[in-house]
Each structure stands twice: as C-alpha cells, then as structure tokens.
Amino acid sequence: MNTSIFKSIDQFFFKAENNINLAVFRIGIALAAMIILIAQYPDLLEIYGQYGYLRADIVELPLLSFQPRLSWMTDFLASYGFSEFLSLKVLFGAYLSFLLLLGIGVLPSLTALICLFFQISFMNSGQHYIYGVDYFVLAGLFYCIVFPVGQQLSVQFFNKNRKKESWVFYTRVLQIHVCLVYFISGFDKALGYDWWNGEAIWTTMMGLNFRSVDVSFLAEYPFIPKIIGWSVLLVEIGYPFFIFWKKTRYAWLTMTILMHVGIGLFLGLYYFASVMIIFNIAAFGGEWLKGSFFKKKPKFEESLIPG
Amino acid sequence: MKTKKILLLAFLFIHVFSILLTNLIGVYPFREKLELREASENTLAVLEKVTDCFSTEVKGVTQWYASLTGITGYGFFSPDPPYSYTIYFKLEAEDQGTSIQESPFLSTEGKSRMTSAFNQFKETKNEDVKNLMAQSMALRMHQLNPSYSNIDLMSMFYIVPSMKEYRQGERPYYASHENYEFIIDPNP
C-alpha cells in the first residue's frame, strides 16, 4: 500500500518529460518584463526619481535597511559623477540587458538571479506604483532561477550535452501555483454579491481606471454582465478541477486564455493578461507546445541534433 | 537522487504553504463595500481562526519568503471591485485664475501605475505619512507649474450607480474624499 503511494508520488512528480514548456516560460517572462520596463520609460523619473511625483525618501520610508532599492545603486553611481537621470538610465539599460540575456538563454539561472535583484529593487523603489503583474514577473524570475529553463530554445541549444527532458516536478510547481491563484481569486470573488449579479463587471468597466470602451449600453442588458460574472467564477473556481482532467483541460485552458484576452482588451491590462497567459501555457499547454515545436517539423529538429 | 527528490518536495511544501498563508492573511482586500451574506461572514471567521493558529514569527518568515518569490494575495477585484479613486489638483494664481490638472504621467503604463499610487494614498492610515505623500505630489505639481501659488489636492471616488439605477437615469459622479490645500511661499 505504502509502496504504491510512493510510486504514485514518484510518478506524478518525477517522471521525465520534455521541458520545452519551461523554455517557452523563460522566453515569455523575459520578453514580458522587457516590454513592461520599456513601457515605463517615459515616466522613469516620475516613478523612481528622488524628486518624482512621490519622493523616493517617502516611498522608501517603510523599507527595512537590508531591502534592495535603486537608491543604493544611484548613490553609488553619483559618487562617480552620474546625474540621477543618467544613473536611472544605466540601471534601466542594465536590467534590460540581463533580461535579454535571460531570454536568449545565456546562463539562465545566474541571469535570472540578477534580474530578480533588479526586479525587487525596482519594485521596492516604486512600491506605491506596483500592481499584480510585477509580482507575477517576480515569481516568473524566481522560477527561472530554480527550474531548468535553459535546456531548450537557448544559445546553448547546440550544446552536445543538452537534455530535452527533466523531471515533471518543475511543471507541477507551476501547475499548482496557477491552480491556487485561480481558486483563491474565484473563492474571494464568490464571497461578495457583485460577481453573482453582474455588478462587478459593470462597475469595473464603467469605472475611471479601467474604462477603455463605452459599455453603458450594458445597463439595458443586465444578463450580459451577469453571464460574464458567472463565467469568471466558473472558470476560476473550476480551474484546479477541470484543468487536471485531460478531457476538459484544453477547453478550460482556452476559456482561461480568452478570459485574459478579454481583461487585456476591455480593462486595458495588457501586460497582466500577457503574463497570465504565459503562466497558463507553460503550466498546462505543454502538449500544445510539443506539437508546435516538434511534431510538425521533425526534419528540422533532427538536423539540429549533433552527431 | 533520492535526497534531491526529498529536497524538491520540501521546497514544494514550503512554497505552497507560503502561497496559502499569504492568501489567508490577505483574503478579502477591498473592504469598502462590506456587505456580505452570512455564509461568507462565517467563512471569513473560520479563515481568520486558521491564520491565528500560526505564530507571528511564522507569518513574518512566510511574508519575507513571499516578498522574494513574488507570492502575493490573489484576490483580484474581490470580493467586489472597489470604486475608482483619483486625485486632481486645483491650481490657483491671482493673475492666472484657476486650472484643474491631473497627475503628470506621460505613458499609458505610467497612468496605470498612478492608479496604484492613488489607492496606496487612500489606504494609508498614518496621517503623517499621508501628509508627506500629499506634500510630495503638490510640490511636484508646483515644480511643473511654478506660476501657481495655491495648490489644492482633491482626492475623490468615482461612484458608478448600479445597472438598475443607471436605467432609472442616475449617472456616474465624483464624490469628494479628502482635500489638502498648500500655499507656496514665493520667498522661502
């Protein structure tokens, strides 16, 4: 009995599997982090500057002495005569460069560790300005340190000792993380009234911060927001149950991706939506990815295997 | 090999525990429209009791681990989305009259992040810190508009009526929340 339980656990976590999904995850996270960083560039001084909209000394007030922050590096650069704006540009460029290296797979664990340090520093120094996407990028970078994300689709691709397989454990961690994210999110929503009666969709889309299209006509058709609200609850609460069941996996994955496409388009949260789609595809889209990368182009794949 | 597997499973346990505890502590983040059915109230009471089982040290270490690994509360827009919150500035000068201005962010992403800053401002309970934040924002607006000597920071909610109320003719409106008035000394 005990032996069979251990065997099942061993099979569930430590079966060898093609890890193309981890490589796609690495590229996706690096690319998304780069785009998010570039999108902030016009407001670099306003967000992170010593004399920005919220002064750095006020923003950094709650930080403990050991928590990394940009002022450590800007102060250091200032001793070499760098202006604050130039220092921020240098840090911005350095972070972008390491993300690029991570994306192309140069020493991925090390570059991910450096990127994680930059990400935490940017988040701490702009802690009043962060939102969900920053945490998911941070989590993604953390996974890039721990997981074997550099074995495929990287500059080490032609390495003779490359392994295309690793324990499924790493994918399982991603899967469990994503399942918890959706279940908790759906569970929290179900506690209130607004997601059940559609008012949540209405309030959010009519609000000031996320209004990207005029949806005032929805007031005449309250069943539409109600159906959307119920669908969100179903997708999120049902996620851990239906995504692991092979028969419903791809239907659920598709619905979840569509939900994020909707969030991106209608609430303007493009980056958040993109990062969540990357997490979903890496966690549960492994079969899709294997089909895309290997089955359709066997000759190309074979030609890349040395010897 | 066996040791590596055990270590990885230990990592998984710690990681999942951190996600669960972080979310139990941070459940139900938006409390403005606190109208819950009895079942929800009872559920929250049970969850609070669960988190009370863990010592402050365990919670502290978990939060420290969570901050390094990007684990956060996942109750996005939960349980009910809050009303939008915004800040405008009324700038006045004797010879130029009055001008209403928004915050000085240029990019779409900067404006999205500004919303987070407004929410932080709204949720800051420490009045001294809140005053410093207001001063910083007002000072920045003065730097960008040096000819205006009076700066009034006006924070407000944007109230959206329910769908039923909207059909009956009600429309979204701004409701004033807090005001901070600053008079810039021309000869400091």
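Below, chains carry the letters A, B, ... as their sequence lines are ordered, and counting in each starts from 1.
- Neither the backbone nor the side chain of A/Phe217 comes within contact range of chain B; no heavy atoms are under 4.5 Å apart.
- The aromatic rings of A/His177 and B/Tyr74 lie tilted to each other, with the angle between the two planes from 30° to 60°.
- Rounded to the nearest 0.5 angstrom, B/Ser84 OG and A/Met206 CE are separated by 10.5 Å.
- In this structure the side chain of A/Trp167 reaches within 4.5 angstrom of the side chain of B/Lys5, judged on heavy atoms.
- Ranked by heavy-atom pairs shorter than 4.5 Å toward chain B, the options A/Asp57, A/Ile36, A/Leu54 are led by A/Leu54.
- B/Thr108 does not touch chain A: none of its heavy atoms, backbone or side chain, sits under 4.5 Å away.
- Heavy atoms closer than 4.5 Å to chain A are found in the side chain of B/Thr115, but not in its backbone.
- Proximity to chain A (any heavy atom under 4.5 Å) is restricted, for B/Tyr85, to the backbone atoms N, CA, C and O.
- Between chain A and the options B/Ser103, B/Pro172, B/Ala39, the largest number of non-hydrogen pairs under 4.5 Å is found for B/Ser103.
- For A/Ile120, the part sitting under 4.5 Å from any heavy atom of chain B is the side chain, from C-beta outward, and nothing else.
- Proximity of a side-chain donor or acceptor of B/Asp80 to a complementary backbone N or O of A/Gly192 within less than 3.5 Å is not detected.
- For the residue pair A/Lys189 and B/Ser78, the shortest heavy atom distance occurs at CG-OG, 3.2 Å.
- Here B/Leu68 is the residue among B/Val129, B/Leu20, B/Leu68 with the most heavy-atom pairs under 4.5 Å with chain A.
- Contact of the B/Arg140 side chain with the A/Glu46 side chain is registered, since non-hydrogen atoms from C-beta on lie closer than 4.5 Å.
- Most heavy-atom pairs under 4.5 Å with chain A, from the set B/Thr72, B/Thr43, B/Val16: that is B/Thr72.
- Shortest non-hydrogen contact noted between A/Val133 and B/Arg113 is CG1-NH2, 4.3 Å.
- Comparing A/Leu141, A/Asp134, A/Leu218 by how many heavy-atom pairs each has under 4.5 Å with chain B, the most go to A/Asp134.
- No side-chain heavy atom of A/Phe14 sits less than 4.5 Å from a side-chain heavy atom of B/Lys4.
- With a 4.5 Å cut-off on non-hydrogen atoms, B/Thr86 touches chain A through its side chain but not through its backbone.
- A/Gln127 touches chain B through its backbone: at least one of N, CA, C or O sits under 4.5 Å from a heavy atom, while the side chain does not.
- For B/Phe76 and A/Tyr131, the ring centers are positioned 6.0 Å apart or more.
- Heavy-atom distances place no part of A/Ile35 under 4.5 Å from chain B, backbone and side chain included.
- Between B/Glu109 and A/Gln40, the closest heavy-atom pair is CG-CG, 3.8 Å.
- Ring planes of B/His15 and A/Phe142: parallel class, angle under 30° (limits at 30 and 60°).
- Here A/Tyr53 is the residue among A/Tyr51, A/Tyr53, A/Tyr41 with the most heavy-atom pairs under 4.5 Å with chain B.
- For a residue to count as touching a neighbouring chain, one of its non-hydrogen atoms must lie under 4.5 Å from one of that chain's; by this rule B/Pro104 touches chain A with backbone and side chain alike.
- Separation of atoms CZ (A/Phe13) and CG (B/Leu9) is listed at 6.0 Å; rounding is to 0.5 Å.
- Contact annotation for B/Gln135: neither backbone nor side-chain heavy atoms come within less than 4.5 Å of a heavy atom of chain A.
- Only the side chain of A/Tyr271 comes within less than 4.5 Å of a heavy atom in chain B; its backbone stays farther off.
- No other option in B/Ile19, B/Ile71, B/Leu144 has as many heavy-atom pairs under 4.5 Å with chain A as B/Ile19.
- Of the possible polar contacts, none joining the A/Asp43 side chain to the B/Phe105 backbone as a donor-acceptor pair under 3.5 Å is found.
- Of the two parts of A/Asp10, only the side chain, counted from C-beta on, holds a non-hydrogen atom closer than 4.5 Å to a non-hydrogen atom of chain B.
- In terms of heavy-atom proximity, A/Pro225 sits nearest to B/Met163 at CG-SD, 3.6 Å.
- For the pair B/Phe77/A/Thr204, a side-chain contact is recorded, criterion being any heavy-atom separation below 4.5 Å from C-beta on.
- In this structure, A/Trp195 and B/Pro81 have side chains that are in contact, with non-hydrogen atoms separated by less than 4.5 Å.
- For chain B, no part of A/Tyr182 is nearby; none of its heavy atoms comes within less than 4.5 Å.
- Expressed to the nearest 0.5 Å, how far CD1 of A/Ile47 lies from OG of B/Ser107 amounts to 6.0 Å.
- Closest non-hydrogen pair, B/Ser136 versus A/Gly52, comes out as OG-O, 4.1 Å.
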